[in-house]
Structures are given as C-alpha cells and as structure tokens.
Colleague: 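Could you have a look at this structure, given as structure tokens, before my questions?
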Amino acid sequence: MLAVLIYKLILVFAILGISLVVAMYSTYAERKVAAFMQDRLGPNRAGPFGLLQPLADGVKMFMKEEIIPSVSNQTLFIIGPCIAMTTSLMTSAVIPWSSDLSINGTSYPLQVTDVNIGILYLFGVVSIGVYGIMIGGWASNNKFSLLGALRASSQMISYEIAMGLAIIALVMMTGTLSLREIVEQQPGGHWNILYQPIGFIIFIVCAFAECNRTPFDLAECETELVGGYHTEYSSMKLGFYLFAEYVNMFISSAIISTLYFGGYNFPFMHELGLSPNMLALLGGLVFFAKIFFFIFFFMWIRWTIPRFRYDQLMNLGWKGLLPIALGNIALTGLVMWLTGKIN
Amino acid sequence: MVLSATSIPSDFFPIAIQFFAALGFVGTTIVVTHLVGPKRYSKKKMESFECGVESQGNARIPFSIKYFLVAILFVLFDVEVIFMYPWAVNFKTLGVQGLLEMMLFLGLFLVGFIYIIKKGALKWE
C-alpha cells in the first residue's frame, strides 16, 4: 500500500514537472516557429540558440513587482490566476502516457489514475477553468478586463457544447469513457481518426477555441482590448495566465492524440517482437512525438489564419459546429447499424 | 452493460494527490513572487489602466444581454448533452431501438435549437 502511494507521488510529480517543462519550452518553440515562418531569427541571445530564454523569462516573472489595483477586488484578483493554473495542471491525471512497465513482477501503470469516467472528469476540470478567467477579469474592475473575460467565457462555453457532442459520436463506437480503454481499442494503426474524421475536425476546432488560441483569441485581442482579461495583471500572476494557456495546449494535444490518434499505439508495434517494457518506452516516445506534432500544429495555425470577428466566432460555434456534430451522431449511429455493429 | 471499467472510490485518491501537488506549486509560487519582487507604492500606479488617461467611473457596468443569453442557452444545451453520455456508453447493447429513441430525442433537441435561432437569440451584430 505504501509502495503504491510512493509510486503515485513520484508519478504525479514527474507528470507535473514534464507538463511545466513542456509548457516552458512551448513558449520558446512558439517564438522560434513564428520567427521561422516570418523569416526572422527569433530568440538567440540567452544560451546556445537562445535555449535558456524560457528560464530567463521565468526568473524575470518572479522578480517583477506585483501590482494589485486599488479599485480591484483583492482576494478574487489573486484567486483568479491560481484557479486557471491549478485546473490546467489537474487535467493530466487521467491521460495514459504509455502501457504498463513491469519491473520484478510488479506492474507500474504510466497513468496517474484510470477512472471509468475519464472523459467526464476532463470536461469537469476544463469547465472550472472558465471561472479562473471570469473571476480574474471581473475582479480587476477594469472595462477592458471585463469585456475580455465576458468574451472568453462565452466563447469557451459555446464551444464546449459542440465538443461534447463530437465526443459522444466517439463514445458510441468505443462504449467506454475510460481513456485507457479507448487507447487499448486502437491497436497498431487502427486509429479512431479513420472512423471519426468529422468528429475529429469538430473536436480540434473546439480545442483551439477552448485554449483561446488564434484564430479564436478574441479574449486578448490587442487592437480592441489591450490585453483582454489579464490587462491589470503583472508579475507571476500574469505568468500563471500565460503559462496555463501553454499547459492547456500541451494537454489538448495529448487528448487529441489519445482520442483520435491511438495514444501510444503505432503501426506494426506488435510485429517488431519487442519486450513489453521496450514497447512501453517506445510507445511513450511515439505518444510524445504525436503531442509535439499537435503543439506545432497549434503554432502553425496561429501564424496562418487571422483572427475571427466575434459574430463570426459565435455563428461558427452555434450555427456551424453544433448542427454538424448532431449530424455526425446520427451518421455514426446509422453507419454502425448498416454495418451490423448493432442490431 | 454498466460502465465496463470497474471503479472504486480509491481510484480517485491519486486525483486528490495531484490536486494538492498542483495547489502546492501554485501557492508556493504566489508567495515567493510576493516576497521576491520589489514593492514601491505609489497612488497613481495602483489606479486601473485606461490607455493613459484618467479612468472614468467604475467597471461594474451593465453589459450586453447577449452574453447572458448565451450562458442560459449553454446550461440548457449542456444538460441535454450530458443526458446523451450514458446512452452513448450503452449504445451497442441498446441496439436499433436505442438509436431510434435517440433520434426522437435529437429531433426535439433540433426543434428547440431552430426555435432559438428563429427568435434571433444568437444574432450578433
């Protein structure tokens, strides 16, 4: 019992550490990708190729003066970014990073916990994330912050519906809400993307909207709202909002890979004749390769597609994605009936 | 078929560990930046930002009713989406009858959706 507890503690700290490091280097990657796409050099002063830039930024965030406006609601002003950061760190608990490792006959699952309502847990935690933005924006008592927070929260809740409906079509096929079982049902190259292409497109669009990433970053639209909901923030509290966005991007990439791209499965994995432990390690690496591809995809879109107007954003969410997602559910049911999966 | 993965309350215990670890990280960071950063108080600096001019009044102002409508509609529709999760998990055992029943439910869902669109609840200008 104690051994299990210690193992879980180590795993939790390792996963939190990995999320934070990946998020840190995503900020670096974002600037390098932007520089590459715009034919610039990007950060190249701190360390070789500017590799120490994220550390320098982190230290700077720590050393800055924190300003709490006198008209703001002080407790809520501090709680806002804390909620945003905590929820973004919570979602990684149910993601299966790879198949089990077995050392001396004991098996060590590379997943913090395999609950049978994994997908519902993810939705629950993501919904709490809205409060972080809403509370922070309202507590600042600044018109720009309030408008940014309103925009962000109504955008996030609008796209949550289409996201939920896109997942329902997937759950109809898998018959389970546990992420581990969903991955196990996609052995080798039989990934869900082959059966759910429409669902995947809806899901990835909604993931962009949920992360407040371009083309859906109306919440922090500089030309209209200065900094959006974090206009008044400084020091590490600003850092939390920005950092939470990158952690969310990492986790969304992980969820997209898990649900639609087979998680740690890769084609011909069982033909290689590797031992289960080697396969688990290799699977973990493949999973991270998929995650990094999707993080790159997020950045690629950012420098390709301009920002939407607010009415276009709302129309896409409610009048575009929602009916398509409903149609996708009906289509999935019909195809499963016609192909004899149900009777 | 019930939910296929067996689950007991202790499965959720690691989530509590993760929650306290995350909270510990956030709390420590907030306290450390508070202690490390410089503190130079000035009255002007603590005013809220308004593009360099003196801020006018309070930000607790009435805002567009559209945002409120979207929030209300979200609650309605999200509840309907949540109703569909148990159905989707058991879809294979419910069979064709389950499919037809859900089509009826989706039909009612669509009627409500078309109604709010016709009412102009989602018209942004």
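The model shown is predicted, which means the values in this text are computed figures rather than measured ones. Naming: A, B, ... by sequence-line order, numbering from 1 per chain.
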Colleague: Taking A/E160, A/R309, A/M61, A/Q312 one by one, which has the highest count of heavy-atom pairs under 4.5 Å against chain B?
Modeller: A/E160
Colleague: Less than 6.0 angstrom separating the ring centers of B/F12 and A/Y121, yes or no?
Modeller: no
Colleague: Would you find a donor on one side and an acceptor on the other, under 3.5 Å apart, between the side chain of B/Q18 and the backbone of A/L89?
Modeller: yes
Colleague: Distance alone, cut at 3.5 Å: any donor-acceptor contact between the side chains of B/Q97 and B/E101?
Modeller: yes
Colleague: Assert yes or no for the condition that the ring centre distance of A/W318 to B/F77 is strictly below 6.0 Å.
Modeller: yes
Colleague: Using non-hydrogen atoms and a 4.5 Å limit, figure out which bit of A/L322 sits close to chain B: side chain, backbone, both or neither.
Modeller: side chain
Colleague: What part of A/K64 gets within 4.5 angstrom of chain B, counting heavy atoms only: side chain, backbone, both, or neither?
Modeller: backbone
Colleague: Assert yes or no for the condition that the ring centre distance of B/W87 to B/F83 is strictly below 6.0 Å.
Modeller: no
Colleague: Verify the ring-centre separation between A/Y233 and A/F77: is it less than 6.0 angstrom?
Modeller: yes
Colleague: Pick whichever of A/L16, A/N315, A/I78 has the most heavy-atom pairs under 4.5 Å with chain B.
Modeller: A/L16
Colleague: Chain B heavy atoms under 4.5 Å from A/M336: which part of the residue, side chain, backbone, both or neither?
Modeller: side chain
Colleague: Let me know if A/T86 has heavy atoms under 4.5 Å from chain B in its side chain, its backbone, both or neither.
Modeller: both
Colleague: Looking only at heavy atoms and a cut-off of under 4.5 Å, which of A/L170, A/T113, A/N141, A/N142 has the most pairs with chain B?
Modeller: A/N141
Colleague: Check each atom of A/L150 against the heavy atoms of chain B and say whether the ones under 4.5 Å are side chain, backbone, both or neither.
Modeller: both
Colleague: Determine, stepwise, if the pair A/S154 / A/Y159 fulfils side-chain hydrogen bond (donor to acceptor under 3.5 Å, both in side chains).
Modeller: CA-CA 9 Å; A/S154 74; A/Y159 279 77; over 6 Å; no
Colleague: What part of A/L120 gets closer than 4.5 Å to chain B, counting heavy atoms only: side chain, backbone, both or neither?
Modeller: side chain
Colleague: In terms of heavy-atom proximity below 4.5 Å to chain B, should A/I157 be classed as side chain, backbone, both, or neither?
Modeller: both
Colleague: Salt bridge check: are A/K237 and A/E66 linked by an N-O gap of less than 4.0 Å?
Modeller: yes
Colleague: Using non-hydrogen atoms only, which part of A/S70 is less than 4.5 Å away from chain B: side chain, backbone, both, or neither?
Modeller: both
Colleague: Between A/S88 and chain B, which part of the residue has a heavy atom less than 4.5 Å away: side chain, backbone, both or neither?
Modeller: neither
Colleague: Taking every heavy-atom pair that is under 4.5 Å apart, which of A/L20, A/V4, A/L146 has the most such pairs with chain B?
Modeller: A/L20
Colleague: What heavy-atom pair brings A/A325 and A/L165 nearest, and what distance separates the two atoms?
Modeller: CB-CB, 3.6 Å
